[in-house]
Protein chains: 2
Amino acid sequence: MAKDTTVRTERKRGEGVQFVYQVLRDDILNLALPPGSPIDENQLAERLSMSRTPIREALVRLAGEGLVTTLPNRSTVVSNIDFLDLPSYFDALTLMYRVTTRLAAENRTPQDLGRIRALQGDFARAVAAQDAAAMISVNRDFHAAIAAAGRNSYYTGMFSRLLDEGRRLLRIYYSSFNDQLPRRYVEEHEDIIAAVEARDIARADQLATQHADQIVQKLQRLIAQDRRRHIEL
Amino acid sequence: MAKDTTVRTERKRGEGVQFVYQVLRDDILNLALPPGSPIDENQLAERLSMSRTPIREALVRLAGEGLVTTLPNRSTVVSNIDFLDLPSYFDALTLMYRVTTRLAAENRTPQDLGRIRALQGDFARAVAAQDAAAMISVNRDFHAAIAAAGRNSYYTGMFSRLLDEGRRLLRIYYSSFNDQLPRRYVEEHEDIIAAVEARDIARADQLATQHADQIVQKLQRLIAQDRRRHIEL
DNA sequence: TGTATTTTATTTGTCGACAGAATCCGGCCG
DNA sequence: CGGCCGGATTCTGTCGACAAATAAAATACA
């Protein structure tokens with residue numbers, strides 16, 4: 001059962017949809033609402049103390065991003081993660097890692113570097129604190145900041161969506177850490193920052209590729225493990 | 001003023017939103033609703049003889065795709081084409097042309113080739129008929145079919161959105177033809193099909209790049225022309 | 001006559017209600 | 001005992017209405 005979080009914050013007119021959207025999005029990406037969970041409009045309406053109309057509009061928006069699936073005349077559910085489609089996902093993710101990092105090396109400003117460094121600091125702290133949730137969230141922001149430095153809104157938009165989808169995957173498989181991989185990620189991030197700062201496009205591309213491959217391989221291994229476990233049952 | 005198209009088709013329950021969505025989307029992509037047009041919910045509700053609720057949900061969906069922009073407490077308008085951002089657009093479009101065509105060469109099935117050839121036939125016919133609208137629409141479907149043959153849902157999704165956005169651009173600048181470029185596109189399409197059929201990935205990539213550059217350059221030239229005209233006024 | 005301010009009107013965001021669809025449940029029949 | 005059918009219930013999709021917010025109009029004032 002979900003927590004009995006009856007929210008009754010007074011909100012200004014027009015912020016309702018945005019509010020519901022963010023609440024649901026966070027719950028979905030943090031797996032507080034696991035894939036497949038039905039989303040009851042009435043229940044949500046009561047919990048957030050508002051009518052069903054803004055909730056439906058938020059759901060439409062989430063459906064547009066693929067985070068929920070609307071079954072006609074039936075309940076909308078949190079979208080499943082399609083494991084058969086994961087190779088495609090990894091492929092697309094790697095590509096976006098590369099092009100955004102390349103463009104960042106090309107177009108970054110000192111302000112961009114400042115923002116990126118700040119997030120890298122957050123990431124290092126999360127690793128030191130062994131806080132998986134923070135690591136996942138900050139890692140996302142870190143790469144989004146690099147993408148932003150590339151100044152291509154189409155890439156940043158696509159990449160953000162891919163990273164969000166990835167947050168769910170990481171949440172599933174990275175709930176606990178007992179290896180030193182995170183530290184390695186910190187180092188790889190440092191190298192990427194250095195390449196971006198040096199405007200070394202080729203090296204940025206190379207490092208981004210490595211970094212992406214690193215993550216993809218790790219995930220594939222974890223998933224394969226998981227698969228085996230399921231089959232053994 | 002828009003045409004007095006009072007639609008009163010009897011629709012089944014649950015198809016309302018979908019219907020409004022498609023009507024609006026078509027009108028926007030065909031520039032029947034030019035960028036900047038305000039969208040009056042009441043007016044639309046009366047024209048399609050339904051309540052405002054499904055219309056609002058369709059608008060939320062369109063906003064999610066960036067085709068309309070919702071000004072808080074004010075009218076929603078058809079999104080403008082951001083000409084300053086066009087270099088980014090061209091960059092992203094070229095990249096997606098390349099990766100989708102590459103993957104098509106890798107994964108195409110005979111069925112894929114059949115579908116692609118059929119669309120290429122449609123395209124050739126549209127060119128022969130000098131039908132700009134059909135050319136734009138079929139061209140989109142042609143490349144979407146190639147992307148589909150690549151079997152990467154993330155790429156096909158991204159690419160489709162880029163191609164749709166491009167439809168508006170092409171509509172603006174390709175309303176009339178007086179050069180033989182379209183014929184050249186037919187030939188380039190043929191070459192791409194051949195490379196995809198031969199599973200020649202390198203060549204597919206190369207041809208896709210050329211094809212994209214071709215279109216991008218043409219558009220840039222037309223836009224530059226247009227800019228100059230505006231400045232002269 | 002032009003500008004500032006109040007009044008009116010239009011339009012959005014939200015609400016509660018209702019009807020159609022689907023699910024659940026119990027009874028009936030094989 | 002199990003499966004099919006019908007009624008009751010729950011939930012979605014749509015509707016009309018209302019109030020906040022904005023834009024337009026009208027009025028007052030310099």
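Naming: A, B, ... by sequence-line order, numbering from 1 per chain. Remember, it's a predicted structure, so these values are computed and weren't measured experimentally.
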Query raised in the report: Can you list every salt bridge (Lys or Arg N to Asp or Glu O under 4.0 Å) pair that touches residues 30-43 of chain A, not counting sequence neighbours?
Result: A/E41-A/R52, A/E41-A/R56
Query raised in the report: If you look at every strand shown and take non-hydrogen atoms under 4.0 Å, does A/I39 touch a base, only sugar-phosphate, or nothing?
Result: sugar-phosphate
Report task. Mind checking salt bridge (charged side-chain N to carboxylate O under 4.0 Å, His left out) for B/E165 and listing every partner two or more places apart, or none if nothing turns up? Result -> B/R168
**Report entry** Qualifying residues under side-chain contact (heavy atoms from CB on, under 4.5 Å), relative to B/R115, sequence neighbours excluded
**Finding:** B/Q111, B/D112
Query raised in the report: In whole Å, what is the span from the CD atom of A/E15 to the C1' atom of D/dA20?
Result: 13 Å
**Report entry** Contacts of A/Y89 that satisfy ring pair (Phe, Tyr, Trp, His ring centres under 6.0 Å) - sequence neighbours left out
**Finding:** B/Y154
Pairs under 3.5 angstrom, nitrogen or oxygen only, protein versus nucleotides 16-19 of chain D, please.
none

Requested in this report: Take the protein atom CG of B/N42 and the nucleotide atom P of C/dA9, then report the distance between them rounded to whole Å.
Outcome: 17 Å
Report task. Grab the CD1-P distance between B/I55 and D/dC15 for me, whole Å please. Result -> 8 Å
Report summary line: To the nearest angstrom, the CD-C1' distance between B/E57 and D/dC15 comes to 12 Å
Side-chain donor-acceptor pairs under 3.5 Å in residues 67-76 of chain A, sequence neighbours left out?
unit_1, atom_1, unit_2, atom_2, d
A/T69, OG1, A/S79, OG, 2.9
A/N73, OD1, B/R13, NE, 3.1

Distance-only donor-acceptor pairs under 3.5 Å for side chains of residues 156-163 of chain B, two or more places apart:
unit_1, atom_1, unit_2, atom_2, d
B/T156, OG1, B/N152, O, 3.3
B/T156, OG1, B/S153, O, 2.9
B/S160, OG, B/T156, O, 2.9

Requested in this report: Enumerate the residues from residues 71-80 of chain A whose closest heavy atom to DNA chain C is under 4.0 Å, giving them by residue number; use none for an empty result.
Outcome: A/N73, A/R74
Report summary line: Assign each of B/D40 and A/V17 the nucleotide of DNA chain C bearing its closest heavy atom; nearer the 5' end lies the nucleotide of B/D40
Query raised in the report: Of the nucleotides C/dT12, D/dT12, C/dC15, which has the atom closest to the A/E41 side chain?
Result: D/dT12
Query raised in the report: Any salt bridge (Lys or Arg N to Asp or Glu O under 4.0 Å) pairs touching residues 89-101 of chain A, not counting sequence neighbours?
Result: A/R98-A/D205
Report summary line: In this structure, CD1 of A/I215 is separated from NE2 of A/H143 (nearest 0.5 Å) by 5.5 Å
